[in-house]
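Scroll down for the structure; my scribbles are underneath it.
Residue numbering restarts at 1 for every chain, and letters A, B, ... go by the order of the sequence lines. FYI, side chains are in, hydrogens and waters are out, and symmetry mates aren't considered; it's all heavy atoms of this structure.
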Amino acid sequence: MFALVDCNNFYVSCERVFRPDLNNKPVVVLSNNDGCIISRSEEAKALGLKMAEPVFQRFELVKKAGVFVFSSNYTLYGDLSQRVMETLRGVAPVIEIYSIDEAFLDLSGLDIDFQKWAEEIKKIVWRITGIPISIGIAPTKTLAKIANKAAKKGNGIFIIRNDRHRDCMIRNTAIEKVWGVGRQYSKLLFRNRIFSAYDYTLLDDNWLRSQMKVMGLRIKTELLGESCIPLELIIPSKKAIATTRAFGRKTKSKRLLKEAVSTYAARCGEKLRKQSSLANLITVFIHTDPFNQNDLQYNKSKSITLPVATNCTQELIKYALKLLDDIFLPGYFYKKAGVIIEGLEPQMLWQPDLFEALNREKYNRLSVVVDGLNNYFGRDTVKVAIQGSGEEWKLRQEKLSNRFTTNWNETLVVKV
DNA sequence: TCTGGGGTCCTAGGACCC
DNA sequence: TCTGGGGTCCTAGGACCC
C-alpha cells in the first residue's frame, strides 16, 4: 500500500502559519511577478477565483470581497516544506518527496490500522508545522492520487481498501483527473468515448501502447490495482537547470538584458554547484510580451556547447552574454529572458582540456568562497559587476510576506 | 499597468559504428 | 534477379507533472 500525503492549499497554508488572523478568510498567493493566482484558500475558491487566473482580471472581486493577496515567497514555502517532509520521515521511513507539497509513503509490510495511523500523522504534522494535510491510501501510486482527491473532499483521509472499493472509485473518476492524463490525452480519449478511469481500463493494450506509449499502459495497470510505478527513493541529480523570468517592466535596453541574463546565468551556476555538477551546454532565450498584440513580437533562443564542462559563474556569464549578443535585436520591447544549462555531469568526472590556460582550480576556490559569503550574508552580497542592481527589471513582488523562518530580520514580532 | 517557473520521460529518425 | 545485421548516440518534439 502507498500513502500520498498532500498539503492543503500549500502556499496559502504557509502564509497562514504566521498569520492566524487569516484563517477562515479568503487568501490567494500569486505567481512570480504577481501575475496569476496559483494557490487559493477554500474561501477564495468559493468566491469563484480560478487556478492560474491572472489576478488583474479579478481585481474588482478581490477588492470587494477583501481577499488577502500575497506574492509568492518561495524561501518560506521551501523551508516549511522541508519541515513537513522531515516530520513525515519521522513517522514513515520509506518516503519519496514528490513535489514541494506532496510525498508518497510506502506502507507495505506495515501491520497497522491505516485509518488510525493517518489520523495520527495528520495531527503530528499539524502540531509540528502548522500545515494541514490530506492523506490518500491505496495499492498503487495512481490510485493513491485518486484517494487523495477524495480525501480533500471529505475529512482529509481516504483509503481504497479492496477491489470492490477500487472499482467503485474508478467508475466515479473522470479520466482527465487521472495522474498522467493531461489535456492532449484527454482530448484523444474523449474522441474515443472514454470518459471515466473505468472506461480507460477496458482499452486494448495494443491501442494504448500505440497512442499513449508505455506510460499509457502503466496507467491502466495501476488503475487495475497492480503497482508498476515504484517509489523513487534516491533523489536523482538534475539533468537540466533553468533560470527564467519575466521582467517587472518590459525593456528595450540591451544593457538591462545583459544584467538580467548574467544574473540568471549566475543563479544557474549556484544551483549547479549545489548539486556538484558541471554543464556542457548553455541556452539563452529572450522574447517580447506575447499578450501585448500591439507590440512587434520577437522570440529567439540560441545554444552553445561549452569547450569544457564547467560550473564557474564567470564562465557561464561569458557564454550567456555572447549568446545574448547573437540573438539581441534592437527596437523590441523585451518582457522575458532565460538561461538553461544542460548536459549536466558529476563534477567528479571532470575531464580537463589539455591545452587550456585557464586556472580552473583558482576559480573553483573562488566559487566556494563566494557561495559561502552569499549563503551567510544573503544572495548577491558578492556578484559579478555586470549583473547590476536589478532595480529596473526585477520581479514585481508587492505583497511579499516575511521570510519568518530563515531570516533573523524577518522573524515574527510579538508585542505584549 | 497587468498573464509563472522549473522540471521529467518517451519516441522517432538520422548519423554513425563494426 | 540481386546489395546484411545489429547496434548506439544524439536531438527535436510532444506529452506530462507540480
What residues 217-240 of chain A contributes to the DNA chain B interface at heavy-atom separation below 4.0 Å is A:Arg218, A:Lys238, A:Lys239, A:Ala240
Per the under-4.0 Å heavy-atom filter, residues of residues 66-103 of chain A near DNA chain C come out as A:Tyr98, A:Ser99, A:Asp101, A:Glu102
Hits for ring pair (Phe, Tyr, Trp, His ring centres under 6.0 Å) against A:Phe333, two or more places apart or cross-chain, chain-then-number order -> none
Those residues at least two apart in sequence (or on a different chain) that pass side-chain hydrogen bond (donor to acceptor under 3.5 Å, both in side chains) with A:Ser277 are A:Gln275
The salt bridge (charged side-chain N to carboxylate O under 4.0 Å, His left out) partners of A:Arg89 (sequence neighbours excluded) come to A:Glu86
Residues in residues 137-145 of chain A with a heavy atom under 4.0 Å of DNA chain C, by number, are A:Lys145
In short, ring-ring contact (aromatic ring centres under 6.0 Å, His included) pairs touching residues 33-57 of chain A with sequence neighbours left out are none
Sorted by chain and residue number, the side chain to side chain contact (heavy atoms under 4.5 Å, CB included) partners of A:Thr405 (sequence neighbours excluded) come out as A:Phe18, A:Leu76, A:Asp79, A:Leu80, A:Arg83
Base-pair string, DNA chain B, Watson-Crick plus G-U, cut-off 3.5 Å on both distances, | for inter-strand, is ....||||||||||||||
Contact span of DNA chain B against chain A, any nucleotide atom under 4.0 Å from a heavy atom, 5' to 3', runs B:dC2 to B:dT11
Expected list for residues 183-200 of chain A near DNA chain C, using heavy atoms below 4.0 Å, is A:Arg183, A:Gln184, A:Tyr185
Residue set satisfying salt bridge (charged side-chain N to carboxylate O under 4.0 Å, His left out) with A:Arg16, at least two apart, ordered chain then number -> A:Glu43
Can you see whether A:Glu345 engages A:Asn280 through a side-chain donor-acceptor pair at a distance of less than 3.5 angstrom?
yes
Between A:Asp326 and A:Lys300, does any side-chain N to carboxylate O distance fall below 4.0 Å?
no
